[in-house]
Protein chains: 2
Amino acid sequence: MQNKILQTLKERGYRMTKARQGIAGILSEAGAPLAAADILGPLDSRLRGDDIKKLRVNKTTVYRELEMLRAENLILEVDFGDAIKRYELADSKHHHHLICVGCTRVQDVEVDAPLAATERRLERQTSFKIERHALEFFGLCAQCRFPRR
Amino acid sequence: MQNKILQTLKERGYRMTKARQGIAGILSEAGAPLAAADILGPLDSRLRGDDIKKLRVNKTTVYRELEMLRAENLILEVDFGDAIKRYELADSKHHHHLICVGCTRVQDVEVDAPLAATERRLERQTSFKIERHALEFFGLCAQCRFPRR
DNA sequence: CATACTAACGCAACTCAGTTGCAATAGTCA
DNA sequence: TGACTATTGCAACTGAGTTGCGTTAGTATG
C-alpha cells in the first residue's frame, strides 16, 4: 500500500475504491491545504497514469470523502478566512500558515511556545477551557514584494 | 449625532438614511461580532422606538452597508471559521476572541506582545512581509463546562 | 469463479450566505 | 420646491457545500 491514509483506512475496514485512492493520493502529495475544488479539478488527470482512463469523480463524493477523512482524524480542516474549507494531512507537526495575499502561496510556520503560554494565561484569567486555536498570518511573499520586471 | 459611526459617515459625505442609522446603532451596541443575519433580524424592532413603525431593511442593503463600513475602516471583518462574515467596531483596541464551542459566547482577549515578536521572527526567517494575522481561541466557557443541574 | 451484501458512488435537487443588475425611492442641496 | 443622485428593494443569480435516493462496485463467503 503506497499511501499512509489508504493503509489506515484499510485497517479500519474501509473499502479501497478508485475515487478514494485518487483523493488520498492528491492529499498526500499536496504542498499546501487543498479545497474540494482543488481535488475535483486534477482528479481524472492524476488517475490517468493507472489503466483507468478519464475517471470522473462527483463533487458529492469528494465532499463526503473529505468529511470522512476529517472525522477519522486523517486530515485537518484549515481556515483561511475565505469561506472555503481546506484540508491538510493530520500527521505533520502542529503548525500555522503564512499566506501570501498576492499569489495565495502558503508556507508552513511554527509558533507554538508563545501561544501555549498565552493559552494557559487566558484559561486562568477567563475560566474558559481552551481546546484549540486558529492562527494564520497574511502578508506578501518575496516574489510579490519584489517582482522581477 | 448620537453615534460615532454615523458622525464619521456624515463628515465623509454619506447621507443619513433610516436603514443606515438602524444598522450603525445595532453595530455600536453589539457586545460581540455580528453577522448580516444578526442585523436583519432585530432591525425593525430596534427602530420601532422612533416614529418609524416596522421599518423593513432588505438583506441587500445590509450586506452593502456592511461592506461600505468595512471599506471606510469603521468596522473590522472577524472570522470564526464558519463561513459567515462577522463584523465589530474598528475603534476598539486590537484584540482576539475566545469563542465557546458550546454556546457561541464570545469574549475579547489581548495577546499581542508574543505575537508581535513572533511576526518579526517570521519575517526574518521567511522574507514575507506580514500585514495582519487572524487568531481565535476555541473552547468551553465556565457555564458550558459546569452546567447547573 | 459465482454471488450476495452493502459501502460507496453519481445525480439532481436543494440550502444558505452572499452578490448583482436594474428600476424605484428618498436624502440633500440649491 | 424641485432636481440630482445616493441609496434602497426586489428578483434573480452565484458558488460552496449538503441531502435523498436509486445504482454501482468492493469485499467476503461458498
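Numbers restart at 1 for each chain; the letters A, B, ... are given by sequence-line order, proteins then strands.
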*Asks:* Please give, in whole Å, the distance from dA6(D) P to Arg12(B) CZ?
*Replies:* 18 Å
*Asks:* Please answer whether the main-chain N or O of Asn3(A) pairs with a side-chain N or O of Gln7(A) as donor and acceptor at a distance below 3.5 Å.
*Replies:* no
*Asks:* Identify, between Gly13(B) and Lys59(B), the residue whose nearest nucleotide on DNA chain D lies closer to the 5' end.
*Replies:* Gly13(B)
*Asks:* Please state how far atom CD1 in Ile23(A) lies from atom P in dG10(C), giving the value in whole angstrom units.
*Replies:* 9 Å
*Asks:* Map Ala83(B) and Tyr14(A) onto DNA chain C by nearest heavy atom, then report which one ends up closer to the 5' terminus.
*Replies:* Tyr14(A)
*Asks:* Which nucleotide in the list dT18(D), dT19(C), dT7(D) gets nearest to the side chain of Lys85(A)?
*Replies:* dT18(D)
*Asks:* Would you indicate which nucleotide in dT7(D), dG26(D), dC9(C) comes nearest to any side-chain atom of Ala19(A)?
*Replies:* dC9(C)
*Asks:* Expressed in angstrom and rounded to an integer, what is the separation of Asp82(A) atom CG from dA17(C) atom P?
*Replies:* 17 Å
*Asks:* Distance criterion of 3.5 Å, no angle test: do you see the side chain of Thr17(B) paired donor-to-acceptor with the base of dT8(D)?
*Replies:* no
*Asks:* Could you check whether the side chain of Thr60(B) and the base of dA12(D) have a donor-acceptor pair of N or O atoms closer than 3.5 Å, going by distance alone?
*Replies:* no
*Asks:* Looking only at atom types and distance, does a side-chain atom of Arg12(A) sit under 3.5 Å from a main-chain N or O of Glu72(A), one as donor and one as acceptor?
*Replies:* yes
*Asks:* Can you tell me which nucleotide in dC11(C), dA8(C), dT8(D) comes closest to the side chain of Thr61(B)?
*Replies:* dT8(D)
*Asks:* Mapping Arg64(B) and Arg15(B) onto DNA chain D by nearest heavy atom, which one lands closer to the 5' end?
*Replies:* Arg15(B)
*Asks:* Looking at Asn58(B), does any N or O in its side chain come under 4.0 Å of the phosphate oxygens OP1/OP2 on dC10(D)?
*Replies:* yes
*Asks:* Could you give the CZ-to-C1' distance, from Arg20(B) to dT28(C), as a whole number of Å?
*Replies:* 13 Å
*Asks:* Could you tell me whether Glu123(A) and Arg120(A) have a side-chain N and a carboxylate O separated by less than 4.0 Å?
*Replies:* no
*Asks:* Given dA11(D), dT8(D), dT18(D), which nucleotide is nearest the side-chain atoms of Tyr63(A)?
*Replies:* dT18(D)
*Asks:* Would you say the side-chain atoms of Glu131(A) pair up with the backbone N or O of Leu140(B), donor to acceptor, closer than 3.5 Å?
*Replies:* no
*Asks:* Glu65(B) has a side chain; which of dG17(D), dT8(D), dG18(C) sits nearest to it?
*Replies:* dT8(D)
*Asks:* In whole Å, what is the span from the CD1 atom of Ile84(A) to the P atom of dT14(D)?
*Replies:* 17 Å
*Asks:* For the pair Arg64(A) and Glu67(A), find out whether any cationic side-chain nitrogen is under 4.0 Å from an anionic carboxylate oxygen.
*Replies:* no
*Asks:* Given atom CD of Gln21(B) and atom C1' of dG27(C), what is their separation to the nearest angstrom?
*Replies:* 11 Å
*Asks:* Quick one: Glu67(B) CD to dG18(C) P, roughly how many Å, whole number?
*Replies:* 12 Å
*Asks:* How long is the line joining CE of Met16(B) and C1' of dT8(D), in whole Å?
*Replies:* 16 Å
